[in-house]
Amino acid sequence: METLILTDGEVKKLLSLSEVIEAVESAFNQKGLGRVQMPAKIYLYYKKYNGDLRAMPTFLEDLDISAVKIVNVHPDNPTKNGLPTVMAVITLIDPSTGAPIAIMGGTTITDMRTGAAGGIAAKYLARRDSKVVGFVGAGAQARTQLIALLKVYNLEEVRVWSRTEETKKKFVTEIQQAYGNVIHVFPAASIQKAVEGADIVVTTTPSRKPLVTNDLVSAGMHINCIGADAVGKEELNPKILKRAKIVVDDWAQASHSGEINVPLSRGIITKDNIWAEIGEIVAGLKPGRQRQGEITVFTSTGLAVQDAVTAKIAYSKAIAAKVGRFIKLI
């Protein structure tokens, strides 16, 4: 047998965010219905290098899709090593034989499926009349989150805050060039100016202390928490969670390493404070937003099912377009 090898650059050319959103929504639905095998991701911690490595296997039984992703998070990589913070490799498996049918760069897939999750969460949890979005963090994931939100909402105003002026200016310039004809983009001098009065807030930082304070969050606001993805990380003051309808992507992962991990460990909130997993809402088992005035929070840790369905799209399109190369591994 032969295995298809795809570089991350090739994967990027094959995928569109619209099809990834559709596939990830289907994956959430399958998970909500209990039709997937997906152990919580496992971690190796490289503390002396300020990094970690995660392994993420899954099998979507009805869709017959199986994959394993290995992904790192090393925040110092861009400045110290000239490498991305996040790098990933995905192996797509034939469930009938266990054979690896493809090995592909997974960094673009990780970025796109995470953006897709934010767009889907907002679709079910944000107010339908949402027009203003505020970003806390202006890196690569902030861009993908915004593009996904634009697929489901007619946004009019984007505000962005970042710890560095350079990152913020780059974000503003890129978004103005791409979408300046349909939305107004503003650099925010503070987190307060980015968040206060926004309809949707997106946090994408690696912070280990709360950045968004309780007083900035008003009735009807929806928050996508994307940055907290390891033990000890948090971006919201826990008082916000006490006021909110909290939706997680996966209870096991979110309680370990998502936005809720710190307040859970301190007893500020309990499992009873969690409304649902996003898959339960997508599958129609629980409602999403029920009232205009409720505050909703989605905490995303990133699921293996998201990677698997996105990798399958890349594989199928690569086969059709004769992209990549086959090698005999086994």
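Hydrogens, waters and symmetry mates play no part in the numbers below; they use all other heavy atoms, side chains included.
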Could you tell me whether the side chain of [Y] reaches within less than 4.5 Å of the side chain of [X], counting heavy atoms only?
X	Y	value
Val132	Glu156	no
Ile183	Val133	no
Asp229	Arg54	yes
Ile200	Tyr153	yes
Glu234	Glu259	yes
Leu329	Ile103	yes
Leu146	Leu155	yes
Glu22	Lys151	no

Check Glu61, Glu25, Glu277 against Lys31 for a salt bridge (Lys or Arg N to Asp or Glu O under 4.0 Å) and give me the one that passes.
-> Glu277
Give the intermediate values and the outcome of side chain to side chain contact (heavy atoms under 4.5 Å, CB included) for residues Lys328 and Met1.
-> CA-CA 6 Å; Lys328 190 172 183 178; Met1 63 153 290; over 6 Å; no
Under a single-linkage definition using a 4.5 Å side-chain heavy-atom cutoff for Ile, Leu, Val, Met, Phe, Trp and Tyr, are [X] and [Y] assigned to the same hydrophobic cluster?
X	Y	result
Leu4	Ile65	yes
Val309	Met56	no
Leu33	Ile281	no
Phe326	Met104	yes
Phe135	Phe186	no

Distance col, row Arg159:CZ vs His184:NE2, nearest 0.5 angstrom, shows 12.5 Å
Transitive ILVMFWY cluster of Ile70 at side-chain heavy atoms under 4.5 Å: who else is in it?
-> Leu44, Tyr46, Tyr49, Leu53
For Ile240, the hydrophobic cluster (side chain heavy atoms closer than 4.5 Å, chained through members) also holds Val136, Trp161, Ile191, Val195, Val201, Leu211, Val212, Leu216, Val217, Met221, Ile223, Leu236, Leu241, Ile246, Val248, Trp251, Ile260, Leu264, Ile268, Ile269, Ile274, Ile295, Val297
For the [atom1] atom on [X], are there more than 12 heavy atoms of other groups (residues, nucleotides or ligands in this structure) within a distance under 6.0 Å?
X	atom1	value
Lys193	NZ	no
Asn154	CG	no
Gln290	CD	yes
Ile42	CD1	no

Contacts satisfying side chain to side chain donor-acceptor pair (under 3.5 Å) that involve residues 280-289 (not counting sequence neighbours) are Arg289-Thr296
Can you sort out the partners of Asp215 under side chain to side chain contact (heavy atoms under 4.5 Å, CB included), two or more places apart, ordered by chain and number?
-> Thr213
For Pro78, check side chain to side chain contact (heavy atoms under 4.5 Å, CB included) against everything at least two apart and list the hits.
-> Thr85
Between Glu10 and Arg325, does a salt bridge (charged side-chain N to carboxylate O under 4.0 Å, His left out) hold up when you go through it step by step?
-> CA-CA 11 Å; Glu10 290 168 334; Arg325 68 237 26 97; 2.5 Å; yes
Please test Gln253 against Met38 for side chain to side chain contact (heavy atoms under 4.5 Å, CB included), starting from the C-alpha separation and ending with a verdict.
-> CA-CA 11 Å; Gln253 290 188 182; Met38 195 196 78; 4.1 Å; yes
Shortest non-hydrogen contact from [X] toward [Y]:
X	Y	result
Arg113	Val24	CB-CG2, 4.0 Å
Thr110	Val86	CG2-CG1, 4.3 Å
Ile226	Gln145	CD1-NE2, 3.6 Å
Pro57	Ala304	O-CB, 3.6 Å
Pro100	Thr91	CB-CG2, 3.8 Å
Pro206	Arg163	CD-NH2, 3.3 Å

When you look at Lys131 and Glu157, which way does the side chain to side chain contact (heavy atoms under 4.5 Å, CB included) test go after all the steps?
-> CA-CA 6 Å; Lys131 299 294 182 183; Glu157 181 179 316; over 6 Å; no
Please test Tyr179 against Ile147 for side chain to side chain contact (heavy atoms under 4.5 Å, CB included), starting from the C-alpha separation and ending with a verdict.
-> CA-CA 9 Å; Tyr179 301 101; Ile147 297 168; 3.5 Å; yes
His222 and Asn224: side chain donor to acceptor below 3.5 Å | yes
Side chains of Ser257 and Lys41: is there a donor and an acceptor less than 3.5 Å apart?
-> no
Within 45° cone of Phe59 ring axis and under 6.0 Å: Arg35 NZ or CZ = no
Gln176: partners by side chain to side chain donor-acceptor pair (under 3.5 Å), with sequence neighbours left out = none
